[in-house]
Amino acid sequence: MRLSRYFLPTLKETPAEAQIVSHRLMLRAGMVRQASAGIYSWLPLGFRVLKKIENIVHEEMAAAGAQAVLMPTLQLADLWRESGRYDAYGPEMLRITDRHDREMLYGPTNEEQITQIVRDDIRSYRDLPKNLYHIQWKFRDEIRPRFGVMRGREFLMKDGYSFDLDFESAKRSYNSMFVAYLRTYARIGLKAIPMRADSGPIGGDLSHEFVILADTGESAVFADKALLAMDPPSDTIDFEADLEPIMQKWTSLYSATDEKHDPANCPVPAEDLVEARGIEVGHIFYFGTNYSEPLGCAVTMPDGEKRFVHGGSYGIGVSRLAGAIIEASHDDAGIIWPDAVAPFDVGLINLKSGDDACDTVANDLDAKLSTAGVEVLHDDRDERAGVKFADMDLIGLPWQLTVGPRGVKSGMVELKRRAGGEKQELSIDSALSQILDKRA
Ligand code: P5A
């Protein structure tokens with residue numbers, strides 16, 4: 001992609017309305033623009049990151065046996081009256097009336113909608129378990145939307161729902177999502193810690209939130225340092241196997257947010273306790289028959305008995321993650337994307353666009369990398385070197401490959417790794433093979 005044609009409206013000035021670094025950097029790097037309070041448009045660079053995160057989520061959900069669907073954003077108020085949440089949800093719910101005076105709402109979550117689908121189409125115990133999810137926009141009329149996409153009113157969530165015959169089977173579904181979440185965050189390049197949580201408006205009696213550590217996180221978290229040192233479950237994990245041992249391993253070590261942490265009763269000695277700041281990037285719930293009973297979602301057992309299904313729901317804050325990654329990975333110059341979610345792999349800088357020798361080398365590098373499947377953002381603009389380097393650092397692509405008039409004479413280019421900042425003078429071929437090797 002040539003930067004001269006790309007829509008990348010970077011800003012030099014720090015926008016005054018942005019209080020936290022991810023919000024500032026997302027605006028400055030031209031990733032998002034605010035449409036109204038807590039509602040954002042995603043521009044090309046930001047949208048690419050969102051899609052990268054979504055792809056990882058889709059792959060990990062598939063590995064764990066969940067199936068993708070797509071439910072609407074608008075739901076019928078009557079469905080929420082059946083569950084009893086229409087009134088209980090309060091002013092956070094955006095309520096809408098259509099031309100026929102039918103009351104509707106912009107979904108803040110989809111427990112009711114998915115339960116209706118399963119209620120209408122699943123009749124027999126033989127059809128369970130099922131695990132269905134979608135990635136869809138949500139709306140919650142937060143009283144104080146802030147921190148950009150981290151606490152929006154409209155935000156993108158992966159929300160999944162499991163349906164099982166009994167607690168044991170539902171716990172297996174819960175465990176598989178727990179493990180899938182650990183893997184998802186690890187693949188994105190984040191260290192996520194599970195914490196025992198309250199279930200809030202979703203309800204139920206078993207719940208964990210997943211918190212990533214970042215100095216600028218909203219809440220204080222306390223954890224056994226051994227938990228922080230744990231490696232995520234391997235990517236060859238068998239989701240058919242009993243995952244309870246992994247679950248136990250991850251939940252037996254102490255972790256708590258500040259609301260739950262009681263220094264007087266903390267089981268971890270002070271020298272083993274880490275205090276950090278965190279951002280909630282996921283939350284999972286087991287709520288038994290809380291939705292299936294009021295909505296009448298039951299299956300017929302072999303003896304003809306009707307049984308209400310046991311449910312769980314599993315959320316990942318997809319749009320929040322874009323901000324959370326930046327909170328966890330940036331420096332004074334800008335964003336430092338983890339390779340897995342970077343909007344492009346390589347920023348190719350031509351220091352002297354219009355110069356034949358530079359253009360030939362830059363175009364050739366662009367073509368070779370692109371052919372090899374490397375995503376290149378090629379800065380072919382007629383701008384000063386300082387502007388080009390500053391923009392590249394700001395948008396944070398993992399590699400910067402610079403072609404300049406002095407180097408090309410002797411067939412040399414400069415390769416910089418954005419994380420760490422090491423620079424190397426290399427021949428064109430070795431620069432290419434370094435980038436390709438690192439990806440392999
Ligand atoms: C689980 C899936 C639920 O809604 N129902 C379906 C359950 N859980 S949750 O904790 O309320 O939300 C799941 C994740 O969504 C992100 N999130 C937000 N992201 C941006 N702005 C918001 N206002 C917002 N609210 C929730 C969080 O990452 C949360 O863990």
Side-chain angles (χ1 to χ4, degrees), residues 20 22-23 26 32 34 37-40 42 50 53-54 57 61 66 69 71 73 75 80 83 85 88-94 106-115 131-163 173-174 177-178 180-181 184-185 188 190 192-204 206-212 214 217-219 221 257 278-287 290-291 311-328:
I20 60 167
S22 61
H23 190 193
M26 288 180 86
V32 294
Q34 183 175 299
I39 303 181
Y40 290 84
W42 292 74
L50 209 53
I53 298 171
E54 279 187 27
V57 170
M61 283 297 111
V69 298
M71 290 177 273
T73 53
Q75 304 178 26
W80 284 63
S83 73
R85 279 210 293 182
Y89 220 95
E92 273 203 10
M93 179 182 275
L94 181 63
Y106 193 124
T109 175
N110 285 55
E111 280 80 7
E112 284 80 356
Q113 191 66 74
I114 194 84
T115 304
N131 190 334
L132 306 169
Y133 77 96
H134 70 166
I135 298 181
Q136 177 63 292
W137 293 91
K138 303 288 181 285
F139 196 92
R140 293 182 185 173
D141 205 350
E142 304 261 353
I143 190 156
R144 247 167 40 92
R146 59 200 167 128
F147 304 152
V149 301
M150 299 264 279
R151 182 166 297 280
R153 293 199 297 162
E154 191 185 42
F155 60 96
L156 191 60
M157 193 200 288
K158 186 291 297 193
D159 42 323
Y161 305 88
S162 64
F163 297 88
S173 298
Y174 188 92
M177 289 296 103
F178 186 99
Y181 276 33
T184 302
Y185 300 120
I188 291 173
L190 296 171
I193 347 181
M195 312 237 168
R196 198 58 203 247
D198 291 331
S199 54
I202 307 294
L206 176 60
S207 176
H208 286 90
E209 56 186 49
F210 290 80
V211 168
I212 62 147
E218 253 192 286
S219 47
V221 297
T257 54
I279 302 167
E280 181 198 313
V281 290
H283 202 153
I284 62 177
F285 305 81
Y286 164 72
F287 43 68
N290 286 10
Y291 294 92
S313 71
Y314 313 94
I316 291 183
V318 174
S319 50
R320 173 177 289 184
L321 268 169
I325 295 163
I326 298 174
E327 291 294 329

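Excluded from the calculations below are hydrogen atoms, water molecules and symmetry mates; all remaining heavy atoms, backbone and side chain alike, are included. Nothing fancy with the numbering, it's 1 onward along the sequence. On a predicted model such as this, the values are computed, not experimentally measured, just so you know. First listed ligand is number 1; within each ligand, the first listed atom is number 1.
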Can you list the ligand 1 atoms lying under 4.0 Å from a non-hydrogen atom of Tyr314? 1 (C), 2 (C)

Enumerated ligand 1 atoms positioned under 4.0 Å from heavy atoms of Glu111: 5 (N), 6 (C), 7 (C)

At a non-hydrogen distance cut-off of under 4.0 Å, which region of Glu209 contacts ligand 1 (side chain, backbone, both, or neither)? neither

Does the N or O separation between Glu280 and ligand 1 drop below 3.5 Å for any pair? yes

Taking 4.0 angstrom as the limit and counting only heavy atoms of Arg151, give me the atoms of ligand 1 inside it, by number and element. 21 (N)

So CE of Met177 and OG1 of Thr184: to nearest 0.5 Å the spacing works out to 8.5 Å

Is the ring pair Tyr181/Tyr185 parallel, tilted or perpendicular, if the boundaries are 30 and 60 degrees? perpendicular

With backbone taken as N, CA, C and O and side chain as the heavy atoms from C-beta onward, which portion of Lys138 lies under 4.0 Å from ligand 1: side chain, backbone, both, or neither? neither

Which residue and heavy atom of the protein sit nearest atom 13 (C) of ligand 1, plus the separation: Met157 CE, 3.8 Å

Among all the protein's non-hydrogen atoms, which is closest to atom 14 (C) of ligand 1, and how far away is it? Gly317 N, 4.0 Å

Regarding Tyr161 and Asp159, is there a side-chain donor-to-acceptor distance under 3.5 Å anywhere? yes

Within a distance under 4.0 Å of any heavy atom of Val281, pick out the atoms of ligand 1 and give their elements. 28 (O), 30 (O)

Can you tell me the protein heavy atom closest to atom 9 (S) of ligand 1 and the distance? Arg140 NH1, 3.9 Å

